[in-house]
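Chain A is the first sequence line, chain B the second, and so forth, proteins listed ahead of strands; every chain is numbered from 1.
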Amino acid sequence: MTRVTIPIGPQHPLLKEPLSFMLTAEGERVVDSVLRLGYVHRGIERLAEERSWVQNVHLLERVCGICSHIHTTTYCQGVEALLELEVPPRAQMIRTLMCELERIHSHLLWLGVLAENVGFTTIFMYSWRDREMVLDIMEDLSGGRIAHAVNIIGGVRIDPDAEQLDSIRRGLDKLQQQVDTLLDVVQHERSLRVRTQHVGRTTKELVRRHCVVGPVARAVGIDEDIRRDAPYAAYDRLSFKVITESGGDVWATALVRVRETSESLSLCHQILDQLDPGDVATRAGRRVPAGEVVSRAEAPRGEVIYYIRSAGTDKPARLKIRTPTLPALSLLGEQLRDIKLADVPVVLSGVDLCIACADR
Amino acid sequence: MLNRLVQWARRRSPWVLHYNSGGCNGCDIEILDLLTPRYDVERLGILKEASPRHADILLCTGPVTRQSRDRLRRIYEQMPAPKWVVAVGTCATSGGVFRGSYNMLGGIDQVIPVDLYIPGCPPRPEVIIEGLARLLATIDVPEDKPPRDAAEPPAEQLKSVAADEGEASDDGD
Amino acid sequence: MLSDILYVLIRLLVLPGFTFLLACALLFQWIDRRTIARLQARVGPPWYQPLADLVKLLTKESILPAEADLPICTALPLVSLAAVLTAAVYVPVGGHTTYSFEGDLIVVLFLLSLPALFYFLAGWVSVGVYSVVGGSRSLLQYFSYEVPFLMALSAPAILTGSWSISRIVGQQATATWTVFVQPLGFLLALVGLIGKLKRVPFDIPKAKSEVVGGPLTEFSGRKLALWHLTVDIQTVVGVFLLVNMFLGGSDLGPLSSLPLAGLMDALGFGLKALVMLLTLSVTSVLYARLRIDQLADLGWRVLAPLGMLQLAVTMLIGAV
Amino acid sequence: MDTQAILDALNDACPDHTFDAQAIPIDETVIEVPVICLKRVVACLGSGFSISHLSTITGQDTGTELELLYHFWSKGGLTLRVVLPYDDARIDSLTAVIPGADFYERELAEMLGVRLEGHPRSGLTEAEGFEHFLLPEDWRPGRPPLRKKQPPKENES
């Protein structure tokens with residue numbers, strides 16, 4: 001059979017961001033793929049070395065527009081560790097609240113993109129409509145729908161009052177119903193299952209070999225979650241389940257993500273109940289003592305790791321970011337082999353790519 | 001009379017193509033959000049198209065990275081006239097926080113001519129709609145000209161595009 | 001003599017000719033988009049949207065890749081539009097037929113299947129990768145839905161003993177609507193029609209997330225407008241055909257004896273067409289897109305045997 | 001994670017070097033590893049201890065030398081520190097043991113000009129014609145952007 005090269009990207013309706021996959025296909029069967037990143041490479045690691053510690057909060061929020069808060073959280077907690085700052089418990093709680101809201105937002109967004117990619121526009125519309133509720137809550141809290149600018153070094157910038165918390169509770173309750181419906185849809189809708197079950201199947205071994213983290217790893221039964229294994233922010237004061245599945249296909253990752261959304265909603269409620277009054281920030285100096293720190297956090301897509309080194313000046317000497325999409329892309333190289341062309345969008349959706357994160 | 005009809009049609013049927021030339025996703029999801037129930041831009045006749053050949057308006061997000069430059073230019077070339085370019089977000093307008101990086105060229109207008117700038121980080125969907133509405137209101141087809149005229153890109157742009165043509169194979173991706 | 005020619009011209013161009021079809025096509029597209037939007041919790045486009053889209057595309061620059069075959073790319077949308085327009089001539093609308101002869105059903109079925117082939121060719125000659133992949137998909141899809149569709153539409157003809165659509169319609173007015181005799185055939189015809197029109201869940205050849213715009217990826221301006229118009233008119237003709245073949249045309253049962261027969265005919269036909277159209281819209285909201293191999297499976301393992309069954313049963317009844 | 005057990009095992013695996021652990025925030029154990037021992041150390045960690053995954057490899061230019069940090073995760077952070085001299089920045093690729101290291105190593109090659117020995121993809125050095133991963137095709141060779149002596153804005157080719 002003749003082989004054709006089918007370019008996916010950098011401009012392709014399947015991708016909201018540019019990256020390029022050169023698929024080699026025989027008829028409808030994809031036999032190989034070549035990945036090219038760099039279309040969104042903004043050189044953030046180098047830029048960060050030229051900005052002050054405070055300016056970097058602003059810069060790092062723009063590593064990724066979907067999980068912006070987790071980046072600043074990881075960065076701030078790293079810098080706070082270098083400064084040996086004690087972050088007030090209320091600030092920790094608010095940080096965690098935003099993290100969980102962001103997870104809900106990201107997972108609902110993902111479900112919509114998956115549905116859109118299998119041609120199920122209706123689910124896309126509904127899950128994005130429900131996502132608006134989370135955006136409303138986040139906007140209510142921080143003033144921004146997408147970029148929240150909540151974190152500052154030493155705490156957070158916002159201090160919600162009782163009225164706001166009440167309105168958040170109401171929003172969360174409404175959202176809970178919608179998420180239950182969506183879970184029901186993912187579990188039972190036939191045509192969605194036909195398209196996602198047994199597609200993009202991975203194994204525990206493959207996931208380990210490619211160092212994949214997050215929902216994709218949990219969908220093959222790897223029980224890992226930084227929130228529980230190395231609690232940061234306020235996670236040590238909260239209780240939640242780490243969701244795992246055993247299927248390893250795209251459907252399993254969908255179940256993991258939707259169930260995690262429910263879990264996040266319960267976390268939000270716990271946070272609102274435990275939110276004691278107090279300070280939301282401690283003062284931080286402009287210079288950070290020399291030293292190095294490795295900071296990890298659980299983004300919606302899995303473990304985020306920052307390595308920060310200070311030379312004792314007002315700028316970082318080195319700031320390294322690794323986001324969960326990078327190992328997922330490595331796994332994709334294996335997944336995009338010997339599958340049907342029509343399954344490519346499903347497999348790509350399954351790992352929940354965030355190219356802006358991967359390219360930096 | 002015919003020109004009036006064409007003008008009416010163009011103002012009411014803007015099909016958009018979205019290209020991210022190096023942005024962080026923030027603007028992109030807000031653009032995608034335009035299609036969803038709360039904003040539903042199909043009310044205004046806006047459809048998000050997949051192929052540059054079907055589109056009237058190019059919605060660009062993000063600063064232009066060096067790797068994206070040729071692709072952006074090629075997409076613009078593939079669009080049939082008349083066409084418009086909208087730079088959505090602060091990065092697309094000026095390069096935003098990423099100015100000064102080794103891999104950045106700056107805003108969209110460094111590569112292709114831009115008709116409308118919508119600043120914001122990211123701009124709210126309402127703002128994008130407002131911007132598009134303003135752009136649409138400026139579309140007109142003068143009575144004394146045939147309806148098919150295009151905004152000519154500056155001469156310098158044309159030259160560099162011509163240089164590119166050797167490698168561009170127009171495969172529509 | 002002159003009045004005869006005028007009469008024919010009016011029939012061809014105005015009612016139920018091109019103008020009428022165009023109006024129906026735009027109206028149907030709007031109803032379709034609006035229904036889908038409403039079901040997806042959106043508002044949807046205003047009524048003039050399809051017209052604005054059409055006019056805009058017609059007045060846009062029409063460019064093609066340098067490698068594409070320009071004359072063929074120009075001709076293809078024209079001939080496929082001509083095919084569906086010709087088909088429309090033989091499909092009765094509200095009891096009126098422009099032309100009718102014994103065997104016009106076969107001509108209509110043939111003409112309606114042509115756009116699928118031209119669509120495939122369009123992908124092939126416009127060279128782009130996505131066009132070619134989309135084109136070959138549309139051919140595969142054609143083989144999956146066409147056989148059951150043909151079998152489903154042959155059944156009423158065999159039942160009536162005539163291959164003329166007008167006769168089949170007339171027969172239903174005296175007996176009962178075919179849909180009550182052959183519900184299975186109706187279902188198959190509906191599924192086949194969805195496949196023909198490449199609507200969700202059978203929008204495989206133009207799946208955005210897989211092959212961008214499918215065979216039409218490289219088309220723009222006028223040519224694209226004509227392609228869109230072909231699909232729109234094909235929708236109208238397909239819906240009309242199914243109404244005639246299965247829903248008794250303009251027959252309203254006991255209500256037919258009411259005064260203003262002409263108006264009632266039009267009303268009855270319009271209502272049935274609307275119901276059919278809404279069925280199409282609702283279906284496209286409810287499903288995810290199938291994969292091409294899943295469609296082939298469905299076509300050959302489920303739909304074709306069912307079509308065969310329908311035919312066999314019809315013939316048996318006819319023989320008794 | 002039992003740091004002492006790891007140190008003992010490493011000392012057994014590479015007897016000509018004495019390993020020492022250092023703690024840095026946030027709960028990260030750092031072990032300095034000589035270049036030649038890296039592969040053995042990783043093999044030893046992989047077999048004897050439940051290392052879950054390689055989080056990433058940080059490469060940095062400290063101003064005097066290049067430093068590579070291999071961040072592992074196993075219910076706790078473990079980082080291996082390898083120091084390379086400027087003029088002979090080469091290291092064994094780990095892709096044979098950990099396929100997931102591929103992208104991180106390509107980044108090292110591209111961003112810091114480290115030469116990866118035994119990496120499955122050719123074209124990771126200039127001599128082989130650099131196969132770009134993050135940087136644009138027209139990037140001027142020999143200017144890895146994360147080396148300190150590389151001026152931040154100098155990118156015009």
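- Each of B:Gly26, B:Gly22, B:Cys24 has some count of heavy-atom pairs under 4.5 Å with chain A, and the biggest count is that of B:Cys24.
- Contact tally against chain B (heavy-atom pairs below 4.5 Å) for A:His58, A:Glu139, A:Arg360: the top residue is A:Glu139.
- Ranking B:Gln67, B:Lys48, B:His18 against chain A, the residue ahead of the rest is B:Gln67, based on heavy-atom pairs under 4.5 Å.
- Aromatic ring centres of A:His41 and B:Phe98 lie farther apart than the 6.0 Å criterion allows.
- Taking chain B as the reference chain and counting heavy-atom pairs below 4.5 Å, the highest number among A:Arg42, A:Arg51, A:Arg129 is found for A:Arg42.
- If you measure heavy-atom distances from B:Leu17 to chain A, the contacts under 4.5 Å come from the side chain alone.
- Heavy-atom pairs under 4.5 Å with chain B peak, among A:Arg131, A:Glu132, A:Met125, at A:Glu132.
- Side-chain contact between A:Leu182 and A:Leu108 is present, with heavy atoms from C-beta onward closer than 4.5 Å.
- Chosen from A:Val113, A:Ile66, A:Ile44, the residue pairing most often with chain B at heavy-atom distances under 4.5 Å is A:Ile66.
- At a 4.5 Å heavy-atom cutoff, A:His71 makes no contact with chain B through either its backbone or its side chain.
- Side chain to side chain, B:Asn103 and B:Thr65 fail the donor-acceptor criterion of an N or O pair below 3.5 Å.
- For the pair B:Leu32/A:Phe124, a side-chain contact is recorded, criterion being any heavy-atom separation below 4.5 Å from C-beta on.
- Between the side chains of A:Asp32 and A:Thr24, no donor-acceptor pair is found at a separation under 3.5 Å.
- Of the two parts of B:Glu30, only the side chain, counted from C-beta on, holds a non-hydrogen atom closer than 4.5 Å to a non-hydrogen atom of chain A.
- Side-chain polar atoms of B:Asp109 and B:Tyr117 form a donor-acceptor pair below 3.5 angstrom.
- Donor-acceptor pairing under 3.5 Å is lacking for the side chains of B:Gln110 and B:Arg69.
- Classification of the A:Tyr75-A:Trp53 ring pair by plane angle, with boundaries at 30° and 60°, yields parallel.
- Of the two parts of B:Asp33, the backbone and the side chain both hold a non-hydrogen atom closer than 4.5 Å to a non-hydrogen atom of chain A.
- Residue contact with chain B, scored on non-hydrogen atoms closer than 4.5 Å, involves the side chain of A:Leu47 exclusively.
- With a 4.5 angstrom heavy-atom cutoff, B:Ser21 touches chain A only via backbone atoms.
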